[in-house]
Participant: 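Sending over a structure as structure tokens; questions will come in a sec.
For ligands, and for the atoms within them, numbers begin at 1 and follow the listed sequence.
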Amino acid sequence: MKVDVLTLFPEMFAPVTGSSILGRAGEKGLLYINLINIRDYSSDKHSKADDTPFGGGPGMVMMAQPLFDAIRSLAAPQEAGLDTPAPAGRRPAGRRMIYMSPRGRLLDAALIRELAAEEELCLLCGHYEGVDQRVLDYWQFEEVSIGDYILTGGELAAMVLIDAVARFIPEVLGSSESVEDESVYSGLLECDQYTKPRSYEGLTVPEVLTSGNHKEIALWQYENSLALTQSRRPDLLRAYLEKEPELSKAEKKILQKVVAKPPL
Ligand code: ADE
């Protein structure tokens, strides 16, 4: 997958996109993050990229000109210069154009899956009071928010989106890691986890997990997931229960036992 990122602060990305699983995905050629410094496209002699808002008010608004030229450059090969002609369509090369913004659609599991199916995305990171609306309208940006709070800029939100989407790209996760088994994607929160030693300063691991009985372990994990989901995310549990006809007999039995109990 290729992700074009339009930003005023490209240097913020390297520590995140160059480390750990994202770094490995980059090295393997599974994920290519193309950082575009919006200021490089400003026609102003001081590389100005923002100005005061029409109608007054606090803060600055990111200007149309540098953004239009930066986006136009995406339609052409990598080495395109500043005077690249405008593309025929308003989505350069058919990319989904996403503006990271607290006004947007909430980034959830369904949207992450949807975006992971794309070959190329373009993310715009806003700053200050926002972006000239003509940019968003003309280039048909969708707005995406990572939560009901305001960040100082869209860069951290873009990194959250890239990280969550990258995990769905085949081969990005190792063979032992599976996105589908995980909390939220499976519909339930993930069960509690433990590792060696069995006893640490008198604190012990639930006995069943060290029993070697795979069936018993799977039952414990399912029960634990259900109980956690019931107490922390009753909304997720309700959605899960609606899938009841698809559940196995064994699952339904445990479900009755756990869900009938009062929350943890
Ligand atoms: N930019 C500022 N706040 C944001 C948020 N909550 N989500 C996405 N982009 C943002």
Side-chain angles (χ1 to χ4, degrees), residues 1-19 21-22 31 33-42 48-68 70-71 74 90-92 95-118 120-169 183-185 232-233 235-236:
M1 170 182 271
K2 181 175 177 223
V3 186
D4 301 297
V5 183
L6 298 158
T7 170
L8 291 168
F9 300 98
E11 67 283 0
M12 284 179 72
F13 285 80
V16 172
T17 57
S19 317
I21 294 175
L22 291 187
L31 178 67
I33 298 171
N34 179 30
L35 295 168
I36 299 146
N37 190 340
I38 298 164
R39 249 182 252 287
D40 289 347
Y41 291 86
S42 171
K48 185 177 152 100
D50 60 319
D51 212 328
T52 51
F54 278 126
M60 304 289 270
V61 175
M62 287 167 67
M63 294 160 72
Q65 178 276 314
L67 283 166
F68 263 75
I71 296 166
L74 293 177
R90 288 188 182 179
R91 287 190 167 184
R95 291 170 186 85
R96 251 175 108 157
M97 307 292 285
I98 296 170
Y99 170 44
M100 304 311 304
S101 149
R103 301 195 313 189
R105 169 177 170 190
L106 269 184
L107 184 67
D108 62 6
L111 181 54
I112 288 162
R113 270 180 211 279
E114 215 182 288
L115 297 177
E118 300 287 326
E120 203 159 338
L121 298 173
C122 175
L123 309 183
L124 167 58
C125 306
H127 256 269
Y128 320 120
E129 285 310 303
V131 168
D132 191 306
Q133 187 63 33
R134 289 169 291 187
V135 176
L136 306 179
D137 292 343
Y138 183 87
W139 295 102
Q140 301 173 6
F141 274 93
E142 304 164 48
E143 299 191 30
V144 171
S145 165
I146 63 162
D148 291 334
Y149 40 80
I150 317 265
L151 302 168
T152 54
E155 282 75 11
L156 288 170
M159 285 185 248
V160 167
L161 185 152
I162 292 169
D163 189 280
V165 166
R167 301 174 78 256
F168 277 91
I169 301 172
S183 64
V184 185
Y185 298 116
R232 295 185 187 172
R233 292 292 304 272
D235 57 319
L236 286 183

Participant: May I have the step-by-step check of side-chain contact (heavy atoms from CB on, under 4.5 Å) for Val144 and Leu161, ending in yes or no?
Facilitator: CA-CA 9 Å; Val144 171; Leu161 185 152; 4.2 Å; yes

Participant: Of all the heavy atoms in Gly126, does at least one lie under 4.0 Å from an atom in ligand 1?
Facilitator: no

Participant: What is the closest protein heavy atom to atom 4 (C) of ligand 1, and at what distance does it sit?
Facilitator: Pro102 CD, 3.6 Å

Participant: Tell me the protein heavy atom at minimum distance from atom 6 (N) of ligand 1, and give that distance in Å.
Facilitator: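 Nearest neighbour among protein heavy atoms for atom 6 (N) of ligand 1, to 0.1 Å: Tyr149 O, 2.8 Å.
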
Participant: May I have the step-by-step check of side-chain contact (heavy atoms from CB on, under 4.5 Å) for Gln133 and Val61, ending in yes or no?
Facilitator: CA-CA 10 Å; Gln133 187 63 33; Val61 175; over 6 Å; no

Participant: With side-chain contact (heavy atoms from CB on, under 4.5 Å) as the test, would you mind laying out the steps for Cys125 and Val5 before giving the verdict?
Facilitator: CA-CA 7 Å; Cys125 306; Val5 183; 3.8 Å; yes

Participant: Closest non-hydrogen protein atom to atom 7 (N) of ligand 1, residue and atom name please, with distance?
Facilitator: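 For this ligand atom, the closest protein heavy atom is Ile146 N, 3.0 Å.
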
Participant: Give the numbers and elements of all ligand 1 atoms closer than 4.0 Å to a heavy atom of Val144.
Facilitator: 8 (C)

Participant: With a 4.0 Å heavy-atom cut-off (strictly under), which part of Ala157 contacts ligand 1: side chain, backbone, both or neither?
Facilitator: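 The part of Ala157 near ligand 1 is the side chain, not the backbone.
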
Participant: When you measure from the heavy atoms of Gly153 to every atom of ligand 1, does any distance fall below 4.0 Å?
Facilitator: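 Judged by the 4.0 Å heavy-atom criterion, Gly153 does count as contacting ligand 1.
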
Participant: How long is the gap from CZ on Arg167 to CD1 on Ile162, to the nearest 0.5 Å?
Facilitator: 15.0 Å

Participant: Hey, does the side chain of Ser42 reach the backbone of Lys48 with a donor-acceptor pair shorter than 3.5 angstrom?
Facilitator: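 Present.
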
Participant: Kindly confirm or rule out an N or O of Leu151 lying under 3.5 angstrom from an N or O of ligand 1.
Facilitator: yes

Participant: Once you measure the plane-to-plane angle for Tyr138 and Phe68, does it fall in the parallel (<30°), tilted (30-60°) or perpendicular (>60°) bin?
Facilitator: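 Ring orientation of Tyr138 relative to Phe68: tilted.
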
Participant: Number the atoms of ligand 1 from 1 as they appear, then name those within less than 4.0 Å of a heavy atom of Met100, with their elements.
Facilitator: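 Ligand 1 atoms under the 4.0 Å threshold to Met100: 8 (C), 9 (N).
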
Participant: Between OG1 of Thr7 and CG of Leu35, what distance do you get to the nearest 0.5 Å?
Facilitator: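 Thr7 atom OG1 to Leu35 atom CG measures 7.5 Å (nearest 0.5 Å).
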
